[in-house]
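The structure appears right after this line, and notes come after that.
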Amino acid sequence: MTKQTRHYDFAADALFLDFDGTLVDLAPQPEDIVVPPELITLLQRIQQESNGALAIVSGRPLDQLDFFLAPLRLPLAGVHGAERRTADGRIIAQPVADVHHLRQRLMPLVNSHDGLQLEIKRGALALHYRHAAHLQQRCIDTMIDALKHEPGFTMLNGKMVVEAKPHVNKGDAVAAFLHETPFRGRRPVFIGDDITDEAGFALVQSETMNGLGIKVGAGPSQAFARVDNPAAVLGLLRQALDAHPSSSL
């Protein structure tokens with residue numbers, strides 16, 4: 001970590017975690033990520049020690065997160081908050097735009113280049129160019145042009161991906177959790193690696209929240225603290241658990 005911060009306290013704080021690039025290393029294809037063997041055990045222990053004040057906040061849909069985190073059933077925010085599962089198991093889905101016509105506008109580019117992949121989510125599309133980095137600007141320009149004709153989406157540039165997503169963000173998702181049990185009244189801690197996580201950092205570090213954002217990896221960020229990679233995140237979680245009840249991040 002690059003900045004001194006107040007200790008993380010399982011009894012007082014709520015922990016919000018991004019998934020890809022934060023808990024697991026990025027992979028050439030979204031479906032190829034490898035879940036570290038100890039991750040499930042760590043998250044299960046944190047959920048127990050914090051009385052359930054742990055949630056995953058990701059760009060992935062809920063069903064994908066459940067698949068990779070099985071057998072855990074954590075509170076989740078998927079598609080940047082467009083869909084959310086509360087701590088008591090309720091599914092809350094925000095109204096989103098239909099992606100059908102946007103998909104049609106992007107498919108000619110995807111079909112003409114083997115290295116591109118179009119990931120379809122509820123109310124969102126992610127155009128991955130990890131295998132065709134030279135097409136970055138082409139992908140961005142194509143998405144910008146497509147969105148001129150398709151209202152209801154916000155464009156985000158991520159790590160080797162350009163995404164059209166609903167008009168919600170991870171900060172909105174964290175704020176919603178913080179109004180609910182068992183998160184209500186706790187100081188929020190948010191850990192993430194990409195530009196999509198900056199809204200989460202802004203929310204938790206606001207004056208009213210007095211929380212902590214932790215950026216994973218290189219690149220500019222407003223987060224108060226930083227770690228190198230997902231392995232370092234797991235190390236922080238492990239250290240906090242080992243030090244309990246005086247745990248710290």
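What you see is a predicted model, and the numbers here were worked out from it, not measured in a lab.
D145 places no side-chain N or O within 3.5 Å of a backbone atom of T142 that could act as its donor or acceptor partner. Between the side chain of D172 and the backbone N or O of N169 there is at least one donor-acceptor pair closer than 3.5 Å. Not a single donor-acceptor pair under 3.5 Å links the side chain of E119 to the backbone N or O of A126. Without hydrogens or angle criteria, N229 side chain to A232 main chain gives a donor-acceptor distance under 3.5 Å. Side-chain atoms of S206 come within 3.5 Å of backbone atoms of L203 as a donor-acceptor pair (strictly under, hydrogens ignored). A donor-acceptor pair under 3.5 Å links the side-chain atoms of R226 to the main chain of G217, judged by distance alone.
Clustering ILVMFWY residues whenever any of their side-chain heavy atoms sit less than 4.5 angstrom apart, transitively, puts L39 in the very cluster that holds L72. In the hydrophobic clustering of this structure, L26 does not group with V162; members are Ile, Leu, Val, Met, Phe, Trp, Tyr whose side-chain heavy atoms approach within less than 4.5 Å, directly or through other members. Both I56 and L241 are assigned to one and the same hydrophobic cluster, defined by single-linkage of ILVMFWY side chains at heavy-atom distances under 4.5 Å. Under the 4.5 Å side-chain heavy-atom criterion for ILVMFWY residues, no single connected hydrophobic cluster contains both I33 and V79. In the hydrophobic clustering of this structure, V161 does not group with F19; members are Ile, Leu, Val, Met, Phe, Trp, Tyr whose side-chain heavy atoms approach within less than 4.5 Å, directly or through other members.
Not counting sequence neighbours, the partners of F201 by the ring-ring contact (aromatic ring centres under 6.0 Å, His included) test are F190. The salt bridge (Lys or Arg N to Asp or Glu O under 4.0 Å) check on D193 picks up K159, with sequence neighbours excluded. With sequence neighbours excluded, no residue forms a side chain to side chain contact (heavy atoms under 4.5 Å, CB included) with D228. Partners of L118 by side chain to side chain contact (heavy atoms under 4.5 Å, CB included), not counting sequence neighbours, listed by chain and number: R103, L106, M107, V110, L125, L127. Scored by the side chain to side chain contact (heavy atoms under 4.5 Å, CB included) test, A87 finds P75, P182, F183 as partners (sequence neighbours excluded). Listed by chain and residue number, K121 satisfy the salt bridge (Lys or Arg N to Asp or Glu O under 4.0 Å) test with E163 (two or more places apart in sequence, or in another chain). Considering only residues two or more places apart in sequence or on other chains, R60 meets the side chain to side chain donor-acceptor pair (under 3.5 Å) condition with D20, Q64. The side chain to side chain contact (heavy atoms under 4.5 Å, CB included) check on I92 picks up R84, T86, R90, Q94, E180, with sequence neighbours excluded. Every residue two or more places apart in sequence or in another chain that forms a side chain to side chain donor-acceptor pair (under 3.5 Å) with H167 is listed here: T154.
Residue pairs meeting the ring pair (Phe, Tyr, Trp, His ring centres under 6.0 Å) criterion with at least one member in residues 32-64: none, sequence neighbours excluded. The list of ring pair (Phe, Tyr, Trp, His ring centres under 6.0 Å) pairs with a residue in residues 38-90, not counting sequence neighbours, is empty. Sorted by first and then second residue, the side chain to side chain donor-acceptor pair (under 3.5 Å) pairs with a member in residues 69-79 read D66-R73; sequence neighbours excluded.
If you run side chain to side chain contact (heavy atoms under 4.5 Å, CB included) between L54 and each of R45, Q44, Q47, only Q47 comes through.
Side-chain contact check for L17 versus V57: every heavy-atom pair is 4.5 Å or farther apart. Contact check for D18 versus L23: no side-chain heavy atoms found under the 4.5 Å cut-off. Within the 4.5 Å cutoff, the side chain of L65 has heavy atoms near those of the S58 side chain. Contact of the L116 side chain with the L135 side chain is registered, since non-hydrogen atoms from C-beta on lie closer than 4.5 Å. Within the 4.5 Å cutoff, side-chain heavy atoms of V233 are placed close to those of I191. Side-chain atoms of F16 and V189, non-hydrogen and from C-beta on, never get closer than 4.5 Å to each other. A heavy-atom distance below 4.5 Å is found between the side chains of L237 and I46. Two residues are said to be in side-chain contact when any heavy atoms from C-beta on lie closer than 4.5 Å; R122 and V96 meet this criterion.
Contact check on R187 versus D13 returns a salt bridge, with a Lys/Arg side-chain nitrogen under 4.0 Å from an Asp/Glu carboxylate oxygen. Using a 4.0 Å cut-off between a side-chain N of Lys or Arg and a carboxylate O of Asp or Glu, E198 and K170 do not qualify as a salt bridge.
Counted within 6.0 Å of CG on D114, heavy atoms from surrounding residues, nucleotides or ligands total 12 or fewer; the atom is thus considered open. The environment of NE2 in H149 is crowded: more than 12 heavy-atom neighbours from other residues, nucleotides or ligands sit within 6.0 Å. Heavy atoms of other residues, nucleotides or ligands lying less than 6.0 angstrom from CD1 of I120 number more than 12. Shown here is H131, whose NE2 atom has more than 12 heavy atoms of other residues, nucleotides or ligands within 6.0 Å.
Rounding to the nearest 0.5 Å gives a distance of 4.5 Å between CD of E150 and CZ of R105.
The two residues L62 and G78 make their nearest non-hydrogen contact at CD2-N, 3.4 Å. Taking both residues in full, the closest heavy atoms of I40 and P71 are given as CG2-CD, 4.2 Å, listed atom of the first, atom of the second, then distance.
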side-chain contact (heavy atoms from CB on, under 4.5 Å) evaluation trace for L69 with L43: CA-CA 9 Å; L69 294 172; L43 293 180; 3.8 Å; yes
